[in-house]
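I have placed the structure first, in the form of structure tokens, so that the comments after it can refer back to it.
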Protein chains: 2
Amino acid sequence: MATMTDVARRAGVSVSTVSYVLTGTRPISEATRDRVLAAMAELDYQPNAMARGLASRKSNIVGLLLPLTGRGLGATETAFVTGATEAAREAGYHLMLCPVGAADSDELQSLATQRLLDGFLVMEVQLTDRRVELLRKLESPFVLIGRTEDGAGLACVDIDFEQTVDDAVAHLVDLGHETIAYINHSPASLASGYGPAKRTEAAFQAALERHGITGVMVPTEDTAAGGRAAIQRAREECPALTGVLVMNENAALGILAELREAGLDVPGDVSVVSMVTSEVVADLASPALTAMTSPGAVLGAAATRVLLKRLAEDDGSTYEELLPCALEVRGTSGRAKKRKTARSARAKR
Amino acid sequence: MATMTDVARRAGVSVSTVSYVLTGTRPISEATRDRVLAAMAELDYQPNAMARGLASRKSNIVGLLLPLTGRGLGATETAFVTGATEAAREAGYHLMLCPVGAADSDELQSLATQRLLDGFLVMEVQLTDRRVELLRKLESPFVLIGRTEDGAGLACVDIDFEQTVDDAVAHLVDLGHETIAYINHSPASLASGYGPAKRTEAAFQAALERHGITGVMVPTEDTAAGGRAAIQRAREECPALTGVLVMNENAALGILAELREAGLDVPGDVSVVSMVTSEVVADLASPALTAMTSPGAVLGAAATRVLLKRLAEDDGSTYEELLPCALEVRGTSGRAKKRKTARSARAKR
DNA sequence: ACGCTTCGTCGAAGCGTTTCGACAAAGTTA
DNA sequence: TAACTTTGTCGAAACGCTTCGACGAAGCGT
């Protein structure tokens, strides 16, 4: 393994000169630069990352903090990871996967103090997240994917849930739907203050009022079975519903199956729109799901770029970037049936 | 940020002593160890990873090589990554994601030469993979997830495709199926010599002969739409089929949908068994897929442990570990219909 | 009481870079 | 032409750790 000293000797210059052509920190004449470059090529020289890191106190590695618990990652999270990884590599950085949940502060503390990582990308952010306080205390640069309760002094990149709900509801309203169910995440995540669940809940209520239509909200587990149960319950509570908004890919497929088995046609009788959904899963369904496509990879890349920019400029200002999910109309949404129920519904009271 | 010198001063010992209590390389008396430990605690000392790496020429980081191309990772690959990450962390290692496909040798060359990583986990291995030659040439320890044509001198961990096919076919045969279609990966991957596709193809043929039953093999794209097309074609080529084996999760869902729309009941008329499938996707289907559950996380963990063991023992011997997929009977497989076709089929000739 | 090994500790020499101050040589200004 | 600035290069001091050789102090057999 050739070292910088070898290169220097071969090129007939000092090591510092070699370092300068490598880093571009000081001007070097065309002639010497060429000699040095040639020597490097001949020796197959590659700078030693550790030595570099030690001397410059930066590793060119960023850590991706994500809880690796239970059933593993969904397609959206995965896209996020790959997007971040790609973006990092394009900027000459590396990405380290750190299985660190909101709970393991010790783990994070030692990670951040080890000086192995230049900064952090934080996934699965809770509304109040101890990792955030900790990182701030340790003065480690970081960017959140998601948002905490109070975003002051933080940099975050997130999905624009409000906009996404608005767009989804608007789509259904445009199609003539006047009674819509919102199948949210689980009661547990709602109770624990999981951001996306809370935000979309509020946005859904607001959208209902704005459009002057009615709806129900039913929380559910993130599984196909959960979706089946939820749509049953929604139809009991609100038999007139013709539109369904689902916050979860897995539940969405269950809903489709349940509706089919109940003899209802999708989108003929009921329209289903899936929120924050990956294209792969949307295409898995039959018919393919009309969905708000989550910008997974784009989000990951955006977060990474924000972090790297902050590292370069030593910038710690507040920053927020929200990306909406794009409506992708596929096979599960269509015009609402004519409201022959209007009269009978009134008669019912 | 406290350094080792600070700790040494505070504990009234030399830096080397501190180092020894940290690494355990040499015996240290109970008394001094305690003093040093106390000093560390008081100063919130954390060893500097870079300095450590430089001095010891090991980083405690392993790289995970995976092509990050196109549609992103499937659930199985994702499980693999998380399994590997977890296993690494448990052993005090870190995991770096390296988007390096079989093509980017340059990228890999510099990665390996930089001395940033102690070893590599190689995913998506081709039957002849340039990364393998390169890593071997550079004398970087590595473990394959998958297998190359010739495994001599290599360490690899892989799914036992032969066993998995055997088990799946046996399951169908036990249920009385005598005509089975095998929906494999795409023609392109077959042509490029993608290991799993080739191996399962051969294993399927062998299983057919062994059981004395008939079957067809149809390659298909890895999408729901691909699955639909494939099952149509399979039924044209072989109208008597009652059992289907699918090599792809996404295609499996398409097959289910297509059969349903063709008026066939699953598992009443046709049984479907999905190979190398993640539980999440299997549960997404209605009815839930009978599947050979891929040991994603377990595989990832196994590969990591093998790599770490080789790092520790400087072992470079040939090694192969094959893990089968476990049959998980869910809702898409059942007894074959009585063969009233037997006579008419014979009459046909 | 003698030479032995073993134990516990220290000092110093790296590990391969970056970075700072210094300094000739060349270029610029007045 | 004197007095500066800029350009290009060098040497040496970090960076924070590991590891090697050395060595006094015990512990052991004889």
Side-chain angles (χ1 to χ4, degrees), chain A residues 1-37 39-40 43-61 92 94 110 112-118 311-312, chain B residues 1-37 39-40 43-61 92 110-118 311-312:
Chain A
M1 210 105 304
T3 79
M4 214 151 136
T5 317
D6 301 329
V7 175
R9 187 174 12 244
R10 177 151 200 140
V13 298
S14 72
V15 285
S16 48
T17 302
V18 177
S19 177
Y20 293 132
V21 350
L22 219 49
T23 61
T25 334
R26 283 196 188 178
I28 292 289
S29 73
E30 188 85 20
T32 23
R33 182 200 311 301
D34 289 350
R35 285 220 312 291
V36 170
L37 258 18
M40 287 182 175
L43 296 172
D44 270 335
Y45 172 76
Q46 279 290 128
N48 177 308
M50 291 288 145
R52 252 188 162 186
L54 176 57
S56 66
R57 57 218 73 215
K58 56 187 46 170
S59 62
N60 273 32
I61 310 179
H94 296 293
S110 77
T113 324
Q114 271 180 143
R115 254 68 257 294
L116 214 205
L117 274 7
D118 291 345
L311 290 180
Chain B
M1 209 104 306
T3 80
M4 213 150 134
T5 316
D6 300 330
V7 175
R9 190 176 8 248
R10 178 150 197 142
V13 298
S14 72
V15 285
S16 48
T17 302
V18 177
S19 177
Y20 293 132
V21 348
L22 219 49
T23 62
T25 334
R26 281 195 189 181
I28 292 290
S29 74
E30 188 85 21
T32 27
R33 184 201 309 303
D34 289 349
R35 284 220 313 291
V36 171
L37 257 18
M40 287 182 176
L43 296 172
D44 271 333
Y45 171 75
Q46 279 290 127
N48 177 306
M50 292 288 145
R52 248 185 169 191
L54 177 57
S56 67
R57 59 215 73 216
K58 56 186 46 168
S59 62
N60 273 31
I61 310 180
S110 76
L111 253 182
T113 324
Q114 269 181 140
R115 253 73 250 298
L116 215 206
L117 274 5
D118 291 345
L311 290 179

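Every heavy atom of this structure was used, including side-chain atoms; hydrogens, water molecules and symmetry mates were not. Naming convention: chains lettered A, B, ... in sequence-line order (proteins, then strands); numbering from 1 in each chain.
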Determine whether [X] and [Y] make a side-chain contact, defined as any pair of heavy atoms from C-beta on separated by less than 4.5 Å.
| X | Y | answer |
| --- | --- | --- |
| B/Val21 | B/Thr32 | no |
| B/Asp44 | A/Thr113 | no |
| A/Val18 | A/Val13 | yes |

Note to self: Using a 3.5 Å limit on both distances, find every run of at least three consecutive Watson-Crick or G-U pairs that involves DNA chain C.
What the structure shows: C:3-30 with D:1-28
When the distance from [atom1] of [X] to [atom2] of [N] is rounded to whole Å, what number comes out?
| X | N | atom1 | atom2 | result |
| --- | --- | --- | --- | --- |
| A/Ile28 | D/dT9 | CD1 | C1' | 7 Å |
| A/Arg33 | D/dT7 | CZ | C1' | 13 Å |
| A/Leu54 | D/dA13 | CG | C1' | 13 Å |
| B/Met1 | D/dG16 | CE | C1' | 13 Å |

Could you measure the distance from the [atom1] atom of [X] to the [atom2] atom of [Y]? Nearest 0.5 Å is fine.
| X | Y | atom1 | atom2 | answer |
| --- | --- | --- | --- | --- |
| B/Met40 | B/Gln46 | CE | CD | 9.5 Å |
| B/Ser59 | B/Met50 | OG | CE | 8.5 Å |
| A/Leu22 | A/Thr17 | CG | OG1 | 12.0 Å |

Notebook entry, point to check: Counting only N and O atoms by type, is there a donor-acceptor contact under 3.5 Å from the side chain of B/Arg35 to the main-chain atoms of B/Ala11?
Noted result: yes
Looking at every strand, decide which applies to [X] at a 4.0 Å heavy-atom threshold: base, sugar-phosphate, or nothing.
| X | answer |
| --- | --- |
| B/Glu30 | nothing |
| A/Val13 | sugar-phosphate |
| A/Thr3 | sugar-phosphate |

Next item on the list: Nearest-nucleotide wise, let me know which of A/Arg52 and B/Ala55 is further upstream toward the 5' end of DNA chain C.
Entry: B/Ala55
Checklist line | Most 5' of B/Ser29 and B/Arg57 on DNA chain C, judged by nearest nucleotide | finding: B/Ser29
Margin query: What I want to check is whether an N or O donor and acceptor connect the side chain of A/Ser16 with the base of D/dG11 at under 3.5 Å.
Written below: yes
Next item on the list: Report yes or no: do B/Ser16 and B/Ser19 form a side-chain donor-acceptor pair below 3.5 Å?
Entry: no
Margin query: Going by salt bridge (Lys or Arg N to Asp or Glu O under 4.0 Å), name the pairs with one or both residues in residues 5-30 of chain B, residues two or more places apart or in two chains.
Written below: B/Asp6-B/Arg9, B/Arg10-B/Glu42
Notebook entry, point to check: Toward the 5' end of DNA chain D, which comes first, B/Asn48 or B/Arg26, by nearest nucleotide?
Noted result: B/Asn48
Check: Does anyone know the first and last nucleotide of DNA chain C in reach of chain B, 5' to 3', at under 4.0 angstrom to a heavy atom?
Finding: C/dG8 to C/dG16
